[in-house]
Number of protein chains: 2
Amino acid sequence: MKIGFLQFTPDFGKVHQNLVKVAGLLDAVDADLVVLPELFGTGYLFRNKTELMNLAEDLSGETAQTLSKVASDTGCYFVAGFAEKDRGVLFNSAMLVGPDGLVGIYRKSHLFDTEKELFEPGNTGFRVFDIGAARIGMMICFDWFFPESARSLALAGADIIAHPANLVLPYCQTAMPVRGLENRIYSITANRCGSEERGGQSLAFTGRSVIVSPKGETLAVGPGQGDSLQVIDIDVLLARDKKPTKRNHLFEDRRTDLYRL
Amino acid sequence: MKIGFLQFTPDFGKVHQNLVKVAGLLDAVDADLVVLPELFGTGYLFRNKTELMNLAEDLSGETAQTLSKVASDTGCYFVAGFAEKDRGVLFNSAMLVGPDGLVGIYRKSHLFDTEKELFEPGNTGFRVFDIGAARIGMMICFDWFFPESARSLALAGADIIAHPANLVLPYCQTAMPVRGLENRIYSITANRCGSEERGGQSLAFTGRSVIVSPKGETLAVGPGQGDSLQVIDIDVLLARDKKPTKRNHLFEDRRTDLYRL
């Protein structure tokens, strides 16, 4: 199976222009699954809820349509972060689309910092979608910080965690191998780069998108700055072997009788 | 507060000799808490249950007595791994002893590989002990692999996780910063080094004991080989600030309504 990320720097607010650019970058992609960053079409630093409301889309919007078209043309599945407006309620979401259109969505469970003033906390939970070649779970950016996110997806059967991100802290890229190892799953963190300065706020995004194996290996890394499409070959079955030793099984060994969670 | 580890290589089966050596290494220690490796008095590779039964001790044994004496002499608390025999039942345990003697014990929850043929799975769960200067939680070696261990201790109020280990895989030392970061706690992983060859089995231990901060920083590292006592100064209060940003709190932000654990 071929999986990858498209590290991409959107131009804030120019959704149509960003989508055209992304469709161009992906039009000849040879992969089964490619992950794009969080909020890849809009950018990140919304001045306020009104601005966000005007840029957000529902599942019939231009973002879903564009990605579905590219998926249909290329045979590839995509996971991509977008600003979702569901009957006037705003979520920081990711969509999974394939050659036949929308497969599922995920709404960010753990909102980071000022996102709490813009978005509602996600209500979808950690679901897994079978796309044939693999079972896909989604989480978004800061969700990684909570080990329960990747654990919930792994326990629900995910082989691969698709992880759109807009990372500004330096930790995630070196921490993702631990998420891979402790759950014996693949993960694809698609980060953005560049910076945004809006409404008195300023943020620099850290690039270095990363694909991690169930053995905690870093299989691919994007550059610190600049757009980058990377695709690698993986053996999905490795994620279904939960035994780090002959006598240990990462899920069966869990002591749910003792945990205080 | 001063915390540290004693990285130590036991001579297999020579409990009295190992205890004398450790007492000598610690007799002038200037610290509030020092962690010793898993099974530091016995060694690791027991040929069978009979051999283990003969070397294991209860809480009135020589190991507890020796450490209590050193604690009383130095004013330091110790966490140390030992083979525990409780009315004929064997556990891979850790004791916390202080100037007034035994404070508490922990029995390893997640047994590694052949340990399953020797020890019973721990039944104490993840408890926290207040020693005045800080609240101490214990976990042992392979427990680290399960994020639920450190999480349970942190949620129970631990400031510092004392983590005796006999590590043979290469992952733990680079993963502990993630455990520190995701829970905003200190951890002290006291590993052994050297190797053992017994009963057709052979194991090499990886040293590099490590102290980690609530910000995921590596504060001290032992050598790959050789005994080493290291003590550092920390600010315990840092472990009580669970807010990575003004609007985020690592525990209050948990989405227990969504997790599938």
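Throughout, protein chains are lettered first and strands after them, A, B, ... in sequence-line order, and every chain is numbered starting at 1. Hydrogens, waters and symmetry mates play no part in the numbers below; they use all other heavy atoms, side chains included.
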Counting heavy-atom pairs under 4.5 Å with chain A, the top scorer among B:Pro147, B:Gly216, B:Gly125 is B:Pro147
Under a 4.5 Å heavy-atom cutoff, which of B:Leu258, B:Thr114, B:Asn248 has the most pairs with chain A? B:Asn248
One option among A:Leu155, A:Thr124, A:Thr256 has the most heavy-atom pairs under 4.5 Å with chain B, and it is A:Leu155
In terms of heavy-atom pairs under 4.5 Å with chain B, the winner among A:Leu111, A:Leu250, A:Asp113 is A:Asp113
Considering only heavy atoms, which portion of A:Glu115 lies under 4.5 Å from any heavy atom of chain B: side chain, backbone, both, or neither? neither
Can you tell which part of B:Pro177 gets under 4.5 Å to a heavy atom of chain A, answering side chain, backbone, both or neither? neither
Short N-O contact, B:Glu120 and B:Lys116, less than 4.0 angstrom: no
Taking the ring of B:Phe146 and the ring of A:Tyr259, is the distance between their centroids below 6.0 Å? no
With salt bridge (Lys or Arg N to Asp or Glu O under 4.0 Å) as the criterion, how do B:Asp159 and B:Arg240 come out once you've worked through the C-alpha distance, each side chain's angles and the decisive distance to 0.1 Å? CA-CA 7 Å; B:Asp159 302 310; B:Arg240 298 193 185 168; 2.7 Å; yes
Between B:Asp241 and B:Lys243, is a salt bridge (Lys or Arg N to Asp or Glu O under 4.0 Å) present by the stated rule, with each step listed? CA-CA 6 Å; B:Asp241 166 15; B:Lys243 301 189 70 171; over 6 Å; no
For B:His110 and A:Asp253, test the side chains for any donor-to-acceptor distance below 3.5 angstrom and give the result as yes or no. no
Check each atom of A:Leu169 against the heavy atoms of chain B and say whether the ones under 4.5 Å are side chain, backbone, both or neither. neither
Quick one: CD on B:Gln173 to OG1 on B:Thr189, what's the gap to the nearest 0.5 Å? 7.5 Å
Find the one option among B:Phe112, B:Phe145, B:Phe126 whose heavy-atom pairs under 4.5 Å with chain A are most numerous. B:Phe145
